[in-house]
Q: 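Here it is, the structure in full.
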2 protein chains.
Amino acid sequence: MPKSRPVQGLTATPPTQQPAATVREVAAAAGVSLATVSRTMNGGAQVSTATAQAVREAAAALGFRPNLVGRRLRAGRSHTIGVMLPTLQHPVFAECLSGIEQSAQSHGQVVALTTTQYDPANEEAASERLLENRVDGLVLTVADWRRSPLLDKLDREHMPYVLVFNQTGLVRSGGRAAKYGPGAARVSVSVDNRLAARHMVEHLIELGHRHIRMIAGQFSQSDRARLRHRGYEDAMGNAGLQAPPAVQLPFNTTEAAAALHEVVTAHPAPTALFCSSDHLALVVMHSLGRLGRRVPQDVSVAGFDGVAIGDLLTPPLTTVVQPVVEIGRTAVQMLHQRLSGQHMLGSATLHHSLKKGGTAASPRGQSVPAQCESHPRRSD
Amino acid sequence: MPKSRPVQGLTATPPTQQPAATVREVAAAAGVSLATVSRTMNGGAQVSTATAQAVREAAAALGFRPNLVGRRLRAGRSHTIGVMLPTLQHPVFAECLSGIEQSAQSHGQVVALTTTQYDPANEEAASERLLENRVDGLVLTVADWRRSPLLDKLDREHMPYVLVFNQTGLVRSGGRAAKYGPGAARVSVSVDNRLAARHMVEHLIELGHRHIRMIAGQFSQSDRARLRHRGYEDAMGNAGLQAPPAVQLPFNTTEAAAALHEVVTAHPAPTALFCSSDHLALVVMHSLGRLGRRVPQDVSVAGFDGVAIGDLLTPPLTTVVQPVVEIGRTAVQMLHQRLSGQHMLGSATLHHSLKKGGTAASPRGQSVPAQCESHPRRSD
DNA sequence: GTGAAAGCGCTAACAA
DNA sequence: TTGTTAGCGCTTTCAC
């Protein structure tokens, strides 16, 4: 279909960007008014089938592509959701983003993306960029949801958002449940980090371990890491075992190995290491290898996240599986719910599961290694 | 600073979305005209320091946030770059996106994201969503850059784009270099897939391997996979060795193991397997484990991609490293260059490197295992 | 069922 | 240096 288009003013337009057809041109071509074209393209509500047909033909012939920027300015809604994550280098966030994107797509929305590189100082600018673009709402992960100037700002402005991975709960101040912002609690989608960690450590204890250390990463200050450590303490405490503080593993690989060397040669030496992420577990196992320790014969290792890669290791990684993609999907659904004016049902806690891989076994001279996957009891 | 704002019509606005301040309100507050506010916020060109000061104060007091939608509609530029990738579940794409995002951020641009889930049928809709949003340009990966209705469309519309991972080159038709679209060749950022694959296979040959099979994944139809197979053929041919067709590994894990079983028990049995991606290499090693074969003692395995995870394996994965993040960054830079009217310098070929990890060693009864990393010669 | 007109927030001529 | 005005593409009253 060759397109004949009204001359646009005959400026010597460079050939490097032909202007797209507008409603006006479609209207002219179809011999109707702008309003009719608009009506046809949208609800298609009050338009006779004949004219609608004509409009659609004209639009097709002109290769009409609605300009969402115009629509947006008029409607005040952007059909865009802003996403702010610490990084994409970590599979957990990348997979979650994948879920977010899929869900947004199915809602006909577009995702605008920003990362903070784990630096809370970037949160302000990153979010601001999204807000300037007038996103309808935000899906994001912050360093610490309890003290976050960014979340304070969003609450103040009534900008809808859903946190992912951050696990919010009501904070009690002086005996009364405190809410954030004017009327809305901070809403989030996550697993029950504390319970999940407890389950994993209970698993290690069942295997016969008595000396279990928790390994935390560079981001041990994060709210999640703290909750996981609480779960570790719960399990250890319930079993009448000592729960020393988490080992903060340095960034640098060789330093990490050195730090780990100290840990595994201490007395009494831990027989199992519970890592606060899968990535950390891989680093730990790598370091252990360099120290001549075998996993799980000499020491057991467990992770947290359940990224796809863990399955492919030999032996497969023992870890807590978060439904990462589902977390992203759920967040978008909840945001959407909120945007369509429905009441938010509060935070969502998705089910985790324990993957009993091959990196955790009974300590030397004990028995009963478990090798099959199971789902955790949701007791308590 | 309490904000006093002109009454907006006294509609019973629901408390769930306070309208943001506009230039008009800032102008009123500062006692100047819209134009002056606009000038101050932008170039700040022709405004006296005194008024500029006043405007800035008023803006700050009102919490003014420029509405990029309005600006965009007026300016015709969105300061948004559209990104379309097959998936985010694969670390290669996630890491590349990370590079894209970082670079976009440093250019003050926002990233609008879409994925196709590897289905070319989704490319049309996914890109259309981006185009409706009037992105300034596109960074994308397509299934096959040579026959892509999407790229044809983009060329036709003169929409600037840069391919990532797809490795374009001039196609000769009837002896003349064929260009795509009206005047512009398809521009891309990638490594030299063929050369990189050749280097890896040469490395395997140097280790003493004679029977090397190439393992391709489900997407063996992709242009990259084809180029890598050509590189494999180059190396084998130069060494006077036979280069059988690539093994197409099934999706399902157990089927994969079965297929692999056939391969490794054939006569003569391959002593090394060159996989067209790191992920595939992991799957292969996993299957080999289940078949009771040890890597690298019984069979060597090499990958392609160089994702971060490979380093943490024991032994570390032998693989071709693509500068994935850099590929993303470069693509954005090139796009930016193009958008600012400069001439495109054509496609960029970034340097790969060989990571000689521990999964490839000399076959049984041979010597000289190489363990250190090196950079490839860039000959030919 | 359809059209005319106003206006979303912003910038860029053109005037003063 | 500053203000006035037009208009980007679209939707949506309000008339007819």
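Reckoned from all heavy atoms, side chains included, excluding hydrogens, waters and symmetry mates. Every chain is numbered from 1, with letters handed out A, B, ... down the list of sequences.
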Q: Please work out which residues in residues 70-79 of chain B have a non-hydrogen atom less than 4.0 Å from an atom of DNA chain D and list them by number.
A: B:L73, B:R74
Q: Checking A:T49 against A:Q53: is there a side-chain donor and acceptor pair closer than 3.5 Å?
A: no
Q: Tell me what A:V69 touches on the nucleic acid: a base, only sugar-phosphate, or nothing, going by heavy atoms under 4.0 Å.
A: nothing
Q: In terms of the nearest nucleotide of DNA chain D, which residue is placed more toward the 5' end: A:R65 or B:L34?
A: B:L34
Q: Find out whether A:M41 and A:V26 are in side-chain contact, i.e. whether some heavy atom of one side chain is under 4.5 Å from a heavy atom of the other.
A: no
Q: Reading DNA chain D from 5' onward, which residue's closest nucleotide shows up sooner: B:S33 or A:P66?
A: B:S33
Q: Could you state the CE-C1' distance from B:M41 to C:dC10, rounded to the nearest angstrom?
A: 12 Å
Q: Anything under 4.0 Å to a heavy atom of chain B counts; send over the first and last such nucleotide of DNA chain D, read 5' to 3'.
A: D:dT1 to D:dG9
Q: For B:R65, give me all partners under salt bridge (Lys or Arg N to Asp or Glu O under 4.0 Å), at least two apart in sequence or on another chain.
A: A:E128, A:E157
Q: Cut-off 3.5 Å, side chains only: do A:S98 and A:Q102 have a donor facing an acceptor?
A: yes
Q: Atom pairs under 3.5 Å, N or O on each side, protein against nucleotides 13-16 of chain C: can you list them with distances?
A:
none

Q: Evaluate the side-chain proximity of A:L88 to A:L113: yes if any heavy-atom separation is below 4.5 Å, no if none is.
A: yes
Q: When the axes are fitted on five pairs at both termini, how much does the helix from C:dG1-D:dC16 to C:dA16-D:dT1 curve, in 10° steps?
A: 40°
Q: Just to verify, what does B:E326 make a salt bridge (Lys or Arg N to Asp or Glu O under 4.0 Å) with, not counting sequence neighbours?
A: B:R329
Q: Would a 4.5 Å heavy-atom cut-off, applied to side chains only, mark A:V142 and A:L151 as touching?
A: yes
Q: What I want to check is whether the side chains of A:Q337 and A:Q333 have a donor and an acceptor closer together than 3.5 Å.
A: no
Q: How about CZ on A:R77, more than 12 heavy atoms from neighbouring residues, nucleotides or ligands closer than 6.0 Å, or not?
A: yes
Q: Can you tell me how far OG1 of A:T115 sits from CD of B:E101, rounded to the nearest 0.5 angstrom?
A: 3.5 Å
Q: To the nearest 0.5 Å, tell me how far B:H107 NE2 sits from B:I81 CD1.
A: 8.5 Å
Q: What distance do A:M84 atom CE and A:L138 atom CG have between them, rounded to the nearest 0.5 Å?
A: 7.5 Å
Q: Do A:N166 and A:R186 get their side chains close enough for a donor-acceptor pair, meaning under 3.5 Å?
A: no
Q: At under 4.0 Å, does any side-chain N or O of A:T36 touch on OP1 or OP2 of C:dG3?
A: yes
